[in-house]
Amino acid sequence: MSDRDPADSAAPRTPGLDFIRQRITQDLAEGKNEGRVHTRFPPEPNGYLHVGHAKSICLNFGLAGEFGGLCNLRFDDTNPVKEDTEYVESIKRDVRWLGFDWADREYYASDYFEKIHDCAVELIRKGLAYVDSSSAEEIRAMRGTLTEPGTNSPYRERSVEENLDLFARMRAGEFADGAHILRAKIDMASPNINLRDPALFRIRKVEHHRTGSAWCIYPMYDFAHAISDALERITHSICTLEFEDHRPLYDWCIDNVTLPSRPEQIEFARLNLTYTVMSKRKLLELVRDKHVNGWDDPRMPTLAGMRRRGVPPAALRDFCQRIGLAKKNATIDVGQLEFSIRDELNRTAPRVMAVLRPLKLVIENWEEGRVEEMDAVNNPEDPSAGTRKVPFARELWIEQDDFREDPPKKFFRLAPGAEVRLRYGYIVKCTGVVKNDAGDVVEVRCTHDPNTKSGMPDANRKVKGTIHWVSAQHAVQAEVRLYDRLFKSENPEEAGSFLDDLNPDSLDVIGDARVEPSVAAAEAGSRFQFERLGYFAVDPDAAPTKPVFNRVVTLRDTWAKIAQSEQAARS
RNA sequence: UGGGCGGUCGCCAAGUUGGUAAGGCACCGGACUUUGGAUCCGGCAUUCGAAGGUUCGAAUCCUUCCCGCCCAGCCA
């Protein structure tokens, strides 16, 4: 009854919507579930949430919002050996941060343990479940293989009374872990291995992070999940593709136990990203073995990591909406994520000037001690963001990359004899350089054209480039952390260990960057565009005396592309 | 090899009575620009995993084949 052949429905299709929204639209048209749409996001509290979860969260909460329904937050905490309250706290924080609200509908599978237990008793009474006293190894051996049917357990035909008694004693703690297990009695010859008498309850004499020592038997996912969904009167139980084979079991549970509603499971393809690992096990390994600095390391694909890096939640939501929804295993280009981040930040982030690798620029025809306040636009994309003053003086810091003693073709920046515009300032002409004993350029000398400040008659004079700067005497020293992809290859899991693919240059800490005074005291979490460089966010490590910035993402860099292709052409 | 899914542009993804391939990202041009940013305009699948077949006409129907992913936890 859960098998629906789209072709045999008379209901109209709604082209353009993804298959899940089409299906819900159809269900609504058919008057199913009293017209309700109720979803749930069911994380297991055994790790931190990552972008893949964001896709599911945006889907489940999004659906509820779009169809006037509700979405519950439910912790699937049926395996106490892996779960912890640290994780439930982080999950709540992350879902909230992403922008979703579950109101008072915060549920736990563990809250249903008694009911789930009663469902098991119901199955036993109906002769649909039995206590198997075989060992795990024996059960595995009797399960058969992908091509051979399994064989019935010698305990399969125990009487209802004996099963009831054994199950009660399992619950009472009379047996050791693994001594007995409650199994559904379905079909050991089913081509679907999930139906070969799957486990329903196992003995685990361990503390549960919520129920403490109240239980020593815990339900398995398939059983607990179906029942939890039905108890919460979920209408559409959305999960990932690997559970497709479990749907017959999900339906079996719902159909054979007395429950208040009949949810339907729908599966979609989970998110994969290039240059990223997404499995909880691998992320845990990165954290546990200190390949990164914790779950919230800005290089991690965790929501905590992205939050710390400065990714706006709106960008993540936009990303999840753009990538679409289907059943095809797909790997999205990280560039797609970066696009959503830039798109959001371009509209919202105030612009500011910062110099990452400072090189002194001295304006020879600017009198010592003279300081001029330049007007700078805070956000050209948003006039309401206003303007600010930026101090300009005789000695400035410019970016080392913006000066080349021997400039390549199409280098629109400073070079001996060349002119360049100082953003919001004057046009300057390079008159020479000062070198140290090693021959490195340690200072660039120039003269400014006093008639070229913004608003002045010659301000519109055409010059090839504009560079950013910061006043040497006014700038504030800052630490800037530049992040690159954590892995070297598109698919880090492809061959060998993903650890071998770690990018050794994924973090570059610059200790002596200089930022304009206006951002020195910005609050942790605030985001800026450092003009011509990228988007940056204040890290919580920042101290009043020394700001710390994380690079969220670079700006699109056409010059880098040109330089790269020129280089390629030369070699 | 048994079962379940899937295969439309470099990456996603529409395509739903068979009527002659949306859109986004990326990429390539060009305009504009005091961010080599943004914006704007233009280009980018004679082809839908392959081969046959049905049809006036097929990504959509039929047949066969190929490839990919998932399942043999007392994990979720």
Side-chain angles (χ1 to χ4, degrees), chain A residues 6-7 9 12-18 22 42-44 46 76 78-79 81-82 132 134-136 139-140 143-150 177-178 180-183 190-196 198-204 218 220-222 224-225 239-248 267 269 274 280 322-340 342-343 346-347 351 353 377 380-381 410-413 421-425 427 452 454 459-461 463-468 490 529-534 554-563:
Chain A
S9 171
R13 307 295 197 114
T14 312
L17 294 181
D18 59 72
Q22 283 183 31
E44 181 188 13
N46 68 344
D76 225 325
T78 57
N79 185 0
V81 318
K82 291 185 176 175
D132 195 330
S134 308
S135 68
I139 287 178
R140 191 185 322 122
R143 188 151 32 226
T145 68
L146 294 179
T147 53
E148 302 158 317
D177 287 14
H180 305 279
I181 189 163
L182 183 73
R183 291 229 259 169
S190 173
N192 181 343
I193 293 180
N194 295 298
L195 262 22
R196 317 239 264 230
L200 261 23
F201 263 93
R202 78 290 214 179
I203 301 172
R204 278 271 184 292
Y218 293 94
M220 299 293 290
Y221 163 84
D222 291 296
H225 203 88
C239 63
T240 43
L241 254 27
E242 67 270 27
F243 292 105
E244 223 160 359
D245 285 341
H246 295 237
R247 196 184 337 137
E267 312 84 12
T274 55
K280 280 188 181 180
R322 280 171 185 276
I323 56 176
L325 188 66
K327 293 187 70 159
K328 180 173 63 178
N329 286 309
T331 301
I332 278 90
D333 191 327
V334 266
Q336 184 86 41
L337 207 211
E338 290 171 357
F339 172 84
S340 289
R342 290 193 185 101
D343 192 50
N346 175 48
R347 283 182 289 104
R351 317 278 124 131
M353 290 194 284
V377 172
E381 305 295 318
K410 297 185 194 161
F411 185 78
F412 302 154
R413 281 118 101 142
R421 183 192 305 277
L422 293 175
R423 179 82 160 149
Y424 298 124
I427 291 174
T452 54
S454 280
N460 297 323
R461 229 177 77 204
V463 281
K464 42 206 162 202
T466 299
I467 64 172
H468 57 95
E490 279 201 21
Q529 181 194 104
F530 286 177
E531 293 216 34
R532 302 210 306 135
L533 296 173
T554 61
L555 245 27
R556 264 188 79 223
D557 191 349
T558 308
W559 166 242
K561 222 173 280 171
I562 294 170

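In the text below, chain A, chain B and the rest are named by the order of the sequence lines, each starting its count at 1. No hydrogens, no waters, no symmetry mates; every other heavy atom, side chains included, goes into these values.
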When you check the glycosidic angle of G73(B), does it come out syn, meaning within 90° of 0, or anti? syn
Who passes side chain to side chain donor-acceptor pair (under 3.5 Å) against [X], sequence neighbours left out?
X: E381(A); value: none
X: N79(A); value: none
X: D343(A); value: none

Ignoring hydrogens, what is the shortest heavy-atom contact between S190(A) and L195(A)? Give both atom names and the distance.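 Closest heavy-atom pair between S190(A) and L195(A): OG-CB, 3.6 Å.
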G4(B), OP1 or OP2 - any side-chain N/O from K327(A) closer than 4.0 Å?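 No, no such contact exists.
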What side chain to side chain donor-acceptor pair (under 3.5 Å) pairs are there with at least one residue in residues 326-339 of chain A, not counting sequence neighbours?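 Of all non-adjacent pairs touching residues 326-339 of chain A, those that pass side chain to side chain donor-acceptor pair (under 3.5 Å) are E244(A)-K327(A).
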With [X], which residues qualify under side chain to side chain contact (heavy atoms under 4.5 Å, CB included), at least two apart?
X: T466(A); answer: R421(A), R423(A)
X: P380(A); answer: R351(A), V377(A)
X: L146(A); answer: I193(A)

Protein proximity profile, nucleotides 70-76 of chain B - base contact B, sugar-phosphate-only contact S, no contact -, cut-off 4.0 Å on heavy atoms: BBBSBBB
For nucleotides 24-39 of chain B, 5' to 3', base contacts (B), sugar-phosphate-only contacts (S) and non-contacts (-) with protein non-hydrogen atoms under 4.0 Å give BSSS------BBBBS-
Check ring pair (Phe, Tyr, Trp, His ring centres under 6.0 Å) between H246(A) and all other residues, then give those that pass, not counting sequence neighbours.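 If we apply the ring pair (Phe, Tyr, Trp, His ring centres under 6.0 Å) test to H246(A), skipping adjacent residues, the hits are F243(A).
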Set of residues satisfying ring pair (Phe, Tyr, Trp, His ring centres under 6.0 Å) with respect to F201(A), sequence neighbours excluded: F167(A)
Considering only nitrogen or oxygen atoms on both sides, find all protein atoms under 3.5 Å from nucleotides 47-49 of chain B and state each distance.
none

